[in-house]
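Quick notes on the structure that follows.
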Amino acid sequence: MCENCNSGKSPVRVRFAPSPTGYLHVGGARTAIYNYFFAKHMGGTFYLRIEDTDRKRYNETALHDLMRDLKWLGLQWDEGPGCEGDCGPYFQSERLDIYHREIKKLLDAGCAYYCFCTEERLQEVRAEQEKSHVPVTGYDRHCRNISREEAEARIAAGEKAVIRFKVPETGVTEFDDMIRGHISYQNELLDDLVLIKRDGYPTYHFASVVDDHLMGTTHVLRGDEWISSTPKHELLYKAFGWQPPVWCHLPVILDKNGGKLSKRKGAASVGDFRDLGYLPETLVNYLALLGWNPGDDREVMTIKEMVESFTLERINPKSASFDEKKLQWMNGQHIHLCDDAFLKGIMKEGLAAKGIDLSKEPEERLDEIVKQLKPRAHFVQDLADMAVYFFVAPTTYDEKGAKKHFGEGSKEVATLVRDMLASIEDFKTPVIEKGFYDLAERCGHKVGELVGAPRLAVSGVTAGPGLWEMFEIIGKEEVLRRIDVAMPLMK
RNA sequence: GGUGCCAUCGUCUAGUGGUCCAGGACACUGGCCUCUCACGCCGGUAACAAGGGUUCGAGUCCCUUUGGCACUACCA
């Protein structure tokens, strides 16, 4: 073990310590983001530790997805699974010998004891407490005074036991939280928590304290839900004679209505948002801003910029509501920030998935399409979705648009436009534009009255890039052909 | 029930006793740009939870109330 990891003036070492039981929730993702930002800002180490001590809930797929999602977000860990460092193993299930070694210290020091209470007895105690409305709840310390000798004899005789922490019955446990300040708990309200379970695995409380110390963790940035267990952890550090880390409890992320963000009600995991078409940069940026700000008015930022500005002092204690509208806006902003070549790649993939063959497409034509679509995209798949008609003629026409643009008189207008276009030799944007303006003047229409029907005929929809640009990209012959095809639908 | 945490526009937030009749962003909305839709630009609506203190002065400090959330497992 690397006892020297946390010796002396140790640089920052932080961790993300998920338990592989389900998908990576955005709340968990933000915890990872803050840990990552802090480590990188301080020039420290960000490590990943897998808290797989619950054998019933362990899920192999969850573990795989978790690491995939973290990498997708760009939060590559410096140490952890796949990047062994000096403090491994990074799976708690592989550290059982360590926990047993450490629990012995506590047992020897009289800070922990064996407990033989059955599940049933515990339930009865709990039920009794609930019924009588006693202010102090939790384990009644039934086995607290069984001597070490007696306990070991009973275990040798085949009895099963857990090991509990001997929490002081009086006094106050205090600690400082980086973002909430000073917090204190009366010890009498704390119960003797289980450290080692009946199956020999440690509980979260024990394993995380032992590992955080042994792995040299200097700052613990974790979810709010841990705040009420922190006095227990603090007491554990004290029992071991170890220096506790700097605590930093992060507020929760709520849904639009202030409730829990859950899959049932919509997107809640990193994977959900990826599937929806969000860029990882967007998600990281948005999540980071949910509870933190750089201290100035910047909002759309790159990961590099956020790392540079990140400080714990600027994290908010207040829980925040997730606003997908703003996320959407921000995705558009990040799409603007992407370079065209990258976006072209995404568009090509999307089009290929739609069965469109791009093998004969000149790259310059694809570049031009990306240029036109980029400011209009809010989701990554918008690029391919909006690009389809550049390659395939529409087979249907937007219903509302047809009502508006294929109505009385549209055939006449379309014919005029068609003939004008047919007469253009150099089918380029400025020439097409001039053609429209000249035609408008000639026939006494406004340009606006000339574009609706041709746009719908050629693209099938009413919204999109500038018509002249669109026509140039699609090309003269095809534009004329599409207008001809739609002509019978006009009146 | 107990304990703890939290509390500025609908939402994310700035604000660390005077420079705040509270600033920015999203959303909403009026307008500009314009061949459509976006983008962009200019404007508008909109908040210090309530009540007590402390202070010459409070969004900022203290107390109470209210509300929200978390924990109260041999799950994390």
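Residue numbers start from 1 in every chain, and the chains themselves are labelled A, B, ... in the order their sequence lines are given, proteins ahead of strands. Bear in mind that the values here come from a model prediction, so they are computed numbers and not experimental data.
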Q: Map A/V447 and A/R198 onto RNA chain B by nearest heavy atom, then report which one ends up closer to the 5' terminus.
A: A/V447
Q. Which residue, A/G464 or A/L290, contacts RNA chain B at a nucleotide closer to its 5' end, judged by nearest heavy atom?
A.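 Taking each residue's closest nucleotide, the earlier one in sequence belongs to A/L290.
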Have a look at [X] and say if it touches a base, only the backbone sugar-phosphate, or nothing, with a 4.0 Å heavy-atom cut-off.
X: A/R314; result: sugar-phosphate
X: A/K446; result: nothing
X: A/S19; result: sugar-phosphate
X: A/G466; result: base
X: A/E188; result: nothing
X: A/T137; result: base
X: A/L467; result: base
X: A/P465; result: base
X: A/G291; result: sugar-phosphate
X: A/L122; result: base
X: A/S229; result: nothing
X: A/D296; result: nothing
X: A/C117; result: base

Q) Rounded to the Å, how far apart are A/D224 CG and B/rG68 P? A) 17 Å
Q | Spacing between A/L254 atom CG and B/rG68 atom C1', to the nearest angstrom | A | 9 Å
Nearest to side-chain heavy atoms of [X], which nucleotide of [options]:
X: A/I227; options: B/rC74, B/rC5, B/rU13; answer: B/rC5
X: A/P375; options: B/rC39, B/rG10, B/rA70; answer: B/rC39
X: A/E299; options: B/rA76, B/rG24, B/rA27; answer: B/rG24

Partner of [N] by Watson-Crick or G-U wobble geometry, both contacts under 3.5 Å, or none?
N: B/rC5; result: B/rG68
N: B/rA14; result: none
N: B/rC32; result: B/rG40

Q: Report yes if the distance between the aromatic ring centroids of A/F310 and A/W292 is under 6.0 Å, otherwise no.
A: yes
Q. With a 6.0 Å cut-off on ring centres, are A/F273 and A/Y286 close enough?
A.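 Between A/F273 and A/Y286, the centre distance exceeds or equals 6.0 Å.
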Please write out each protein N/O paired with an N/O of nucleotides 65-67 of chain B under 3.5 Å, distance rounded to 0.1 Å.
none

Q. Are A/R154 and A/Y114 in a cation-pi contact, defined as NZ or CZ under 6.0 Å from the six-membered ring centre and within 45° of the axis?
A. no
Q: Decide whether a cation-pi geometry holds between A/K263 and A/Y23; the criteria are a distance under 6.0 Å from NZ or CZ to the six-membered ring centre and an angle within 45° of the ring axis.
A: yes
Test: [X] and [Y] ion pair at under 4.0 Å:
X: A/D382; Y: A/R376; result: no
X: A/D367; Y: A/K344; result: yes
X: A/D140; Y: A/R121; result: yes
X: A/D438; Y: A/R442; result: no

Q.
Whether the side chain of A/R180 and the base of B/rC5 hold a donor-acceptor pair under 3.5 Å is what I'd like checked.
A.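 When only heavy-atom distances are counted, A/R180 does not reach the base of B/rC5 through any donor-acceptor pair under 3.5 Å.
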Q: May I ask you to verify whether the side chain of A/R57 and the base of B/rC75 hold a donor-acceptor pair under 3.5 Å?
A: yes
Q) Hey, is the side chain of A/K318 poking within less than 4.0 Å of OP1 or OP2 on B/rU8, counting only N and O atoms? A) yes
Q: Please determine if a side-chain N or O atom of A/K56 lies less than 4.0 Å away from the OP1 or OP2 oxygen of B/rC74.
A: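 Indeed not, no polar side-chain atom of A/K56 lies that close.
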Q) A/D192 and salt bridge (charged side-chain N to carboxylate O under 4.0 Å, His left out): which partner among A/R144, A/K232, A/R164? A) A/R144
Q) Taking the same atom, C1', in B/rC20 and in B/rG2, what whole-Å distance lies between them? A)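 The answer is 41 Å between these two C1' atoms.
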